[in-house]
Amino acid sequence: MRAMIEIRNLIKEYRSKSSTVVGVNNVSLTINKGEIYGIIGRSGAGKSSLLRCINLLEEPTSGNIFVDGVDLTALKGEGLRQARLKIGMIFQHFHLIRSKTVYENIAFALKANHKSKEEIDTRVTDLLEMVGLSDKRNVYPAQLSGGQKQRVGIARALANEPHVLLCDEATSALDPETTQAILELLKKINRELKLTIVLITHEMEVVKDICDRMAVMQDGNVVEEGAVYDIFSEPKHPMTQSFISSLFQFNLPERLLQHCQGTIVKIHFVAPQAEEAIITDVLQAYQVKGNILHGKIEYIRDNPLGILILELIGDAVEVQRAIDYIRERTYRLEVIYHADGFSNPTIA
Amino acid sequence: MLTDSLIQLLPDLNKAFFQTLYMVGISLSAALILGLPIGILLFVTDKGLFLEHTPTKNILGFIVNIIRSVPFIILLVTLLPVTKFITGTTIGPTAASVSLSVASIPFFARLVETALREIDKGVIEAAVSIGATPWMIIKDVLLPEAKPGIIQGVNITAISLVAYSAMAGTVGGGGIGDLAIRFGYYRYDNTVMFTTVVILVCLVQLIQYGGDYIAKKVDKR
């Protein structure tokens, strides 16, 4: 796969008279053509600085940024401006020109590319149709909802047919329903235009829904990087684990543990096992009773990832056999509680 | 008695009124033509903006501050040689317009700069990220977005100029202020004094209402 964006040894420091704050600390990343790449981190992790370095809204202290093979850090003035025409960007707070209509806001981007009046007119009409705002053509941003404003932002960013779309917390100011609609739109754009999308967010849900690959940032460093499904199913860094646990949070009530008669196990499923009837099989094959206490299955870009907490009741030998059977056929199994005393109360 | 002296005063008053408008008109135009670009330059050359250039910013800011810190009456007298050079005379409304312009240009420039600072930095950043040229950003983002603020700035400048033009009367600049000083103050004629004050109040009110109305009309926020 061809690299669309290559970030090499990027360092971004913010210098003031009294101190130097490191925003991005020697980060190297490769983002492939046509993929949706997510960068996740808590506020202050440096993800926004990193993203803003990609189109040089912030000048890197050192390092190189290659977009479509061109080293942006070597460009200045007119050359940089030309390169930016091919890198769209959308923002958390939309940043539309309030004194211009929806049409004029999108036309502004095309004017920067010296398009003729006729070309602008056709292109804006097409873009408005793509983002579903054909009826808002001559409306001012103040009369639009947040989701509609972001759609205008997307249309504006795509006006000059960029190779890359940068999304700076693009859904963070939107309600969950609107967020879903905007994410669907981004997915559609990615599919239809083969556009490379880089997005930063602090919401795991966003990455889970639309990203192919992801990076986790902490204190200016990329602490974990890889395919979204791999990172979700096996998070290595504590930071990543804490992000994932916000999606898979299991706390069993104390009362339940007190009345527990059997063994409680936590089973991790990954695709394709998550689609098989393993639990039914084990309950039929061995002399045990199963009691589902807790569980969740998430679909990461249509691939299931599940966690199930199950109480197995029966003869100790049979229970052990059942556990072995499940352990062999699923991704991971942890025994978290035994009725005869052994317990592991730290249930993540 | 009162009406008599007013009727007598009418031709003078009429002349003075148009002299004031003339002075304010000229210096306001100068403020618009020169103050607006200076204000824009002060803003866009600031740190972190798309035409960041600290030397320009500092030199320009310094000159603006110097002119603004000199009391107008002193500026008026100091500039007499310049006035003489430009207009060939040091008295009359045209001569007074020179120093009024010199005072109003930096004044308005600062007001423009302040109005531009009110713009959400993100909108400017978005325009930069789109690949817009500096000129496009100024023309299509800065000016339209700051339009209500700039119109208020024109408003404030015009009102200040009405007040300053009255001071110009002290050096024989003409206008309503001149009338107020010569007839009202030096001759203790309260009727003239009162009438001129009423006219000035009306003029200022008119400018204020007009400006507010236009500013509101163009505001799309």
Side-chain angles (χ1 to χ4, degrees), chain A residues 14 16 51-52 54-59 75 77-102 104-114 139-143 149 152-153 155-160 162 164-169 173, chain B residues 36 39-40 43-54 56 58 112 114-154 211-221:
Chain A
Y14 299 93
S16 69
L51 188 82
R52 291 155 54 84
I54 295 179
N55 63 355
L56 254 65
L57 271 186
E58 278 180 37
E59 207 180 329
L75 297 177
E78 182 63 15
L80 181 58
R81 193 181 78 75
Q82 292 291 341
R84 279 178 176 148
L85 290 172
K86 293 294 173 191
I87 307 172
M89 190 170 191
I90 57 174
F91 305 86
Q92 179 175 8
H93 297 296
F94 327 119
H95 297 335
L96 302 177
I97 306 170
R98 289 184 296 186
S99 49
K100 289 192 182 290
T101 61
V102 167
E104 291 165 336
N105 262 285
I106 303 169
F108 176 73
L110 291 157
K111 266 201 258 173
N113 203 9
H114 306 299
V139 159
Y140 285 95
Q143 291 153 270
K149 283 183 199 168
V152 179
R156 179 176 68 176
L158 297 179
N160 293 315
V164 176
L165 178 66
L166 307 176
C167 310
D168 188 355
E169 296 273 8
Chain B
L36 185 65
I40 293 170
F43 178 69
V44 297
T45 54
D46 202 6
K47 207 166 156 46
L49 275 144
F50 56 96
L51 289 178
E52 179 177 339
H53 197 262
T54 314
T56 308
N58 288 346
V112 169
T114 311
L116 292 173
R117 271 189 211 296
E118 293 292 308
I119 301 172
D120 179 4
K121 281 264 166 55
V123 180
I124 301 168
E125 209 170 72
V128 172
S129 81
I130 280 165
T133 58
W135 172 239
M136 267 187 76
I137 299 174
I138 291 169
K139 185 171 70 77
D140 285 336
V141 181
L142 297 189
L143 292 180
E145 290 294 273
K147 209 197 268 173
I150 291 174
I151 287 170
Q152 292 290 9
V154 173
D212 284 347
Y213 177 77
I214 298 168
K216 208 169 167 185
K217 197 98 179 169
V218 299
D219 198 345
K220 304 284 189 214
R221 287 176 283 194

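Residue numbers begin at 1 in each chain, while the letters A, B, ... track the order of the sequences.
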Colleague: Report, as yes or no, whether the 6.0 Å neighbourhood of atom OH on A:Tyr14 holds more than 12 heavy atoms from other residues, nucleotides or ligands.
Modeller: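 Enclosed: over 12 neighbouring heavy atoms sit under 6.0 Å from OH of A:Tyr14.
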Colleague: For the atom pair OG (B:Ser129) and CG (A:Leu85), what is the distance rounded to the nearest 0.5 Å?
Modeller: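 Answer for the OG-CG pair, B:Ser129 versus A:Leu85, is 10.5 Å.
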Colleague: Only pairs of heavy atoms separated by less than 4.5 Å count here; which of A:Arg156, A:Glu78, A:His93 has the most with chain B?
Modeller: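 So the answer, after comparing A:Arg156, A:Glu78, A:His93, is A:Arg156.
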Colleague: For the atom pair CZ (A:Arg98) and NZ (B:Lys147), what is the distance rounded to the nearest 0.5 Å?
Modeller: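 Here the interatomic distance stands at 14.0 Å.
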Colleague: Quick one: what part of A:Tyr140 sits under 4.5 Å from any heavy atom of chain B, side chain, backbone, both or neither?
Modeller: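 For A:Tyr140, the contact with chain B is made by the side chain alone.
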Colleague: Does a sphere of radius 6.0 Å around CD in A:Glu59 hold more than 12 heavy atoms from other residues, nucleotides or ligands, not counting ones at 6.0 Å or beyond?
Modeller: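 No, CD of A:Glu59 has 12 or fewer neighbouring heavy atoms, counting only those of other groups under 6.0 Å.
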Colleague: Report which part of A:Lys111 has an atom under 4.5 Å of a heavy atom belonging to chain B: side chain, backbone, both, or neither.
Modeller: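 For A:Lys111, heavy atoms of backbone and side chain both lie under 4.5 Å from chain B.
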Colleague: Where is the tightest heavy-atom contact between A:Ser99 and B:Pro144, given as atom of each residue plus distance?
Modeller: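 Shortest heavy-atom separation between A:Ser99 and B:Pro144 comes out as OG-CB, 3.1 Å.
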Colleague: Measure A:Leu57 against the heavy atoms of chain B and call it side chain, backbone, both or neither at under 4.5 Å.
Modeller: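 Just its side chain gets close to chain B.
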Colleague: As an exercise: rank A:Gln143, A:Glu104, A:Lys100 by heavy-atom pairs under 4.5 Å with chain B and give me the winner.
Modeller: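 That would be A:Lys100.
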Colleague: What are the two closest heavy atoms between A:Phe91 and B:Glu125, and how far apart are they?
Modeller: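 In this case the closest contact between A:Phe91 and B:Glu125 is CE2-OE1, 4.3 Å.
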Colleague: With a 4.5 angstrom heavy-atom cut-off, could you sort out which part of B:Asp120 is near chain A: side chain, backbone, both or neither?
Modeller: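 It is the side chain, since no backbone atom gets that close.
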Colleague: State the CD1-CD1 distance between A:Ile97 and B:Ile124, to the nearest 0.5 angstrom.
Modeller: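 So the CD1 of A:Ile97 and the CD1 of B:Ile124 are separated by 10.5 Å.
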Colleague: Does A:Arg84 use its side chain to pair, donor to acceptor, with the backbone of B:Ile130 at less than 3.5 Å?
Modeller: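 No: the side chain of A:Arg84 does not pair with the backbone of B:Ile130.
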Colleague: Chain B heavy atoms under 4.5 Å from A:Ile90: which part of the residue, side chain, backbone, both or neither?
Modeller: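 A:Ile90 has no heavy atom closer than 4.5 Å to chain B.
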